[in-house]
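This report concerns only the one structure given below.
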Amino acid sequence: MLLTRLAHVSQEIAATSARSRKITLLAELFRDAEADDVPIVIPYLAGRLPQGRLGIGWKVLSHQVEPAAEPTLTVREVDARLTALGKLSGPGSQAERTRLVGELMSAATEHEQRFLFGLITGEVRQGALDAVAMEGLAQATEAPPADVRRAVMLAGSLQQVAQALLTDGPQSLARFRLTVGRPVLPMLAHTASSVSEAVDKLGACAVEEKLDGIRVQVHRDGDSVRLYTRTLDDITDRLPEVTAAALELRGDRFILDGEVISFDSEGRPRSFQETAGRVGSRTDVAKAAKEIPVSPVFFDVLSVDGRDLLDLPFSERHAELARLVPEPMRVRRALVSGSEDLPRAEGFLTETLGRGHEGVVVKALDAPYSAGRRGASWLKVKPVHTLDLVVLAAEWGHGRRTGKLSNLHLGARTADGGFAMLGKTFKGMTDAMLTWQTERLQQLAVRSDDWVVTVRPELVVEIAYDGLQRSTRYPAGVTLRFARVVRYREDKRPEEADTVETLLAAHPEVRP
DNA sequence: TTCCGACAGTGGGGTCGCAAT
DNA sequence: ATTGCGACCCCACTATCGGAA
């Protein structure tokens with residue numbers, strides 16, 4: 001199949017807002033794909049490369065190349081070139097990569113270049129990714145969408161399921177069963193603003209501590225243990241102590257879901273930055289493990305001794321978990337019968353925060369494990385802080401925010417009467433706010449280029465955030481975690497904004 | 001008819017590893 | 001030795017579509 005066909009379909013998908021129409025367009029294309037094209041066409045139209053990331057980003061792609069006049073590239077040829085390019089390493093590889101990208105781009109028409117650019121940077125912006133492609137695949141093969149979805153979650157990959165479906169038909173879906181050693185997309189949580197809101201929604205529930213570490217899925221089959229992240233990357237080699245812990249459990253075959261986190265000598269959780277740095281270390285694992293040892297803490301079990309537990313209610317899965325995993329390696333929890341039991345839930349949150357953890361996750365006791373979904377039966381609750389900060393500058397947005405000032409630079413007052421930038425945010429604004437701030441900030445502009453508009457520091461904005469973290473980038477030595485706009489405070493003057501001093505005082509555990 | 005679940009989009013900061021400088 | 005880039009951890013929030021209630 002020619003690449004130009006994909007580029008055109010992608011453009012057509014982007015041009016329609018109706019999801020049903022996007023699905024139909026995808027289905028038509030998938031039906032026409034030859035067997036050998038399937039493993040390429042499906043991920044491409046889901047906005048991803050089959051080989052994952054290539055080590056090519058916006059920088060390399062921004063070198064403009066004269067486009068070809070006629071579309072001649074086939075998807076298989078593109079795939080072969082990208083595969084070769086992704087394998088490069090060592091001295092000179094960056095230059096060679098850039099050269100090969102240029103060669104590929106010069107064989108592509110302007111239209112194809114745009115499609116390839118989006119594909120390689122992971123920003124196709126066609127309003128359809130995995131979930132919509134999955135629906136298109138179901139329509140193309142006349143398989144029940146729910147069955148396709150389940151197979152994809154269990155395979156951890158749309159591509160494998162697509163290949164099976166298009167070659168062997170809907171009955172091939174039965175092949176995709178929960179298997180020890182093959183990672184499953186993990187269940188995710190929604191956010192609730194308070195414990196009472198969460199308990200009201202869920203009724204009988206477990207309130208569990210939320211640890212600020214790295215999600216891990218542990219597979220053990222006899223002596224073999226594999227560890228996977230939330231996106232199913234294999235991190236077994238980086239965490240030998242987690243493997244050792246899994247081998248000590250009194251079970252032979254299982255899949256566990258939990259969090260990896262580092263505790264200090266007093267048993268307090270280390271900061272997310274420290275845990276994440278440790279989990280990210282690959283070059284000298286032994287040294288890293290000695291300096292910052294991590295522990296797994298589990299909260300769910302998906303499989304035991306060949307039994308698939310996904311569809312069991314959480315209460316029964318937890319009973320299995322308790323049989324397999326001793327207490328200190330399990331997340332702390334409180335059982336709550338419902339709204340009348342709220343004080344217990346709130347007390348548990350207070351205790352958990354006191355132990356230095358992030359918050360809690362409230363889980364319905366009767367819910368199955370919804371792999372790959374942000375199920376409404378898990379609700380996380382974290383304390384939210386707010387500050388009144390001053391807008392120092394704003395950056396022009398992209399995509400649907402083109403032409404709008406979007407990303408705000410936020411400053412807190414300093415002792416000398418100036419402002420120290422604490423970070424940026426683009427979150428929390430409605431379209432109306434974007435329109436308003438674009439107008440207002442341009443009135444306050446003192447300097448402006450293609451990227452950023454610097455303004456007089458006069459506009460006060462209320463910012464919600466999850467906490468402070470250390471920063472080498474910003475002048476105060478700290479930055480806000482997950483900052484988002486709550487509202488503009490036109491009733492406040494910049495002299496009334498919060499100071500760096502009060503911010504640091506509010507978070508004594510974080511030192512610049 | 002209204003409500004709500006699921007998706008996609010829009011990017012944030014930090015850290016590590018690797019290649020280039 | 002330092003710098004820049006890309007990958008991958010963590011993530012909040014809004015708009016929109018379309019099925020559920």
*asked:* Can you see if the side chain of A/T229 gets near the phosphate of C/dC9 - specifically, an N or O under 4.0 Å from OP1 or OP2?
replied: yes
*Has A/R230 got a side-chain N or O lying under 4.0 Å from the OP1 or OP2 atom of C/dC10?*
yes
_Watson-Crick or G-U wobble partner of B/dC7, both distances under 3.5 Å_ = none
_Please classify the nucleic acid contact of A/V132 as base, sugar-phosphate, or nothing, using heavy-atom distances under 4.0 Å._
sugar-phosphate
_Applying a 4.0 Å non-hydrogen cut-off, can you work out what A/K201 is touching in the nucleic acid: base, sugar-phosphate, or nothing?_
nothing
Contact list (N/O, under 3.5 angstrom) for nucleotides 10-12 of chain B vs protein:
| from | atom 1 | to | atom 2 | distance (Å) |
| --- | --- | --- | --- | --- |
| B/dT10 | OP1 | A/R400 | N | 2.3 |
| B/dT10 | OP2 | A/R125 | NH1 | 2.8 |
| B/dG11 | OP2 | A/H398 | N | 2.4 |
| B/dG11 | OP2 | A/H398 | O | 3.1 |
| B/dG11 | OP2 | A/H398 | ND1 | 3.3 |
| B/dG11 | O3' | A/N407 | ND2 | 3.2 |
| B/dG11 | N2 | A/K427 | NZ | 3.3 |
| B/dG12 | OP1 | A/N407 | ND2 | 2.2 |

*Using modelled atom types only, decide if a donor and an acceptor are shared between the side chain of A/Y369 and the backbone of A/M187 within a distance under 3.5 Å.*
yes
*Regarding A/R440 and the six-membered ring of A/Y488, is the cationic atom NZ or CZ under 6.0 Å from the ring centre and inside 45° of its axis?*
no
*asked:* Regarding A/R238, tell me which of base, sugar-phosphate or nothing describes its non-hydrogen contacts under 4.0 Å with the strands shown.
replied: nothing
*Does C/dA12 have OP1 or OP2 sitting under 4.0 Å from an N or O in the side chain of A/K380?*
yes
*Given C/dC9, is OP1 or OP2 found less than 4.0 Å from the side-chain N or O atoms of A/T231?*
yes
*In whole Å, what is the span from the CD atom of A/E259 to the C1' atom of C/dC11?*
13 Å
*Relative to the 5' end of DNA chain C, which residue comes earlier, A/I120 or A/A464, by the nucleotide with the nearest heavy atom?*
A/I120
*Please work out if A/D233 contacts a base, only the sugar-phosphate, or nothing of the nucleic acid, heavy-atom cut-off 4.0 Å.*
sugar-phosphate
*Could you check A/D130 against A/S471 and say which one's nearest nucleotide on DNA chain B is further toward the 5' end?*
A/D130
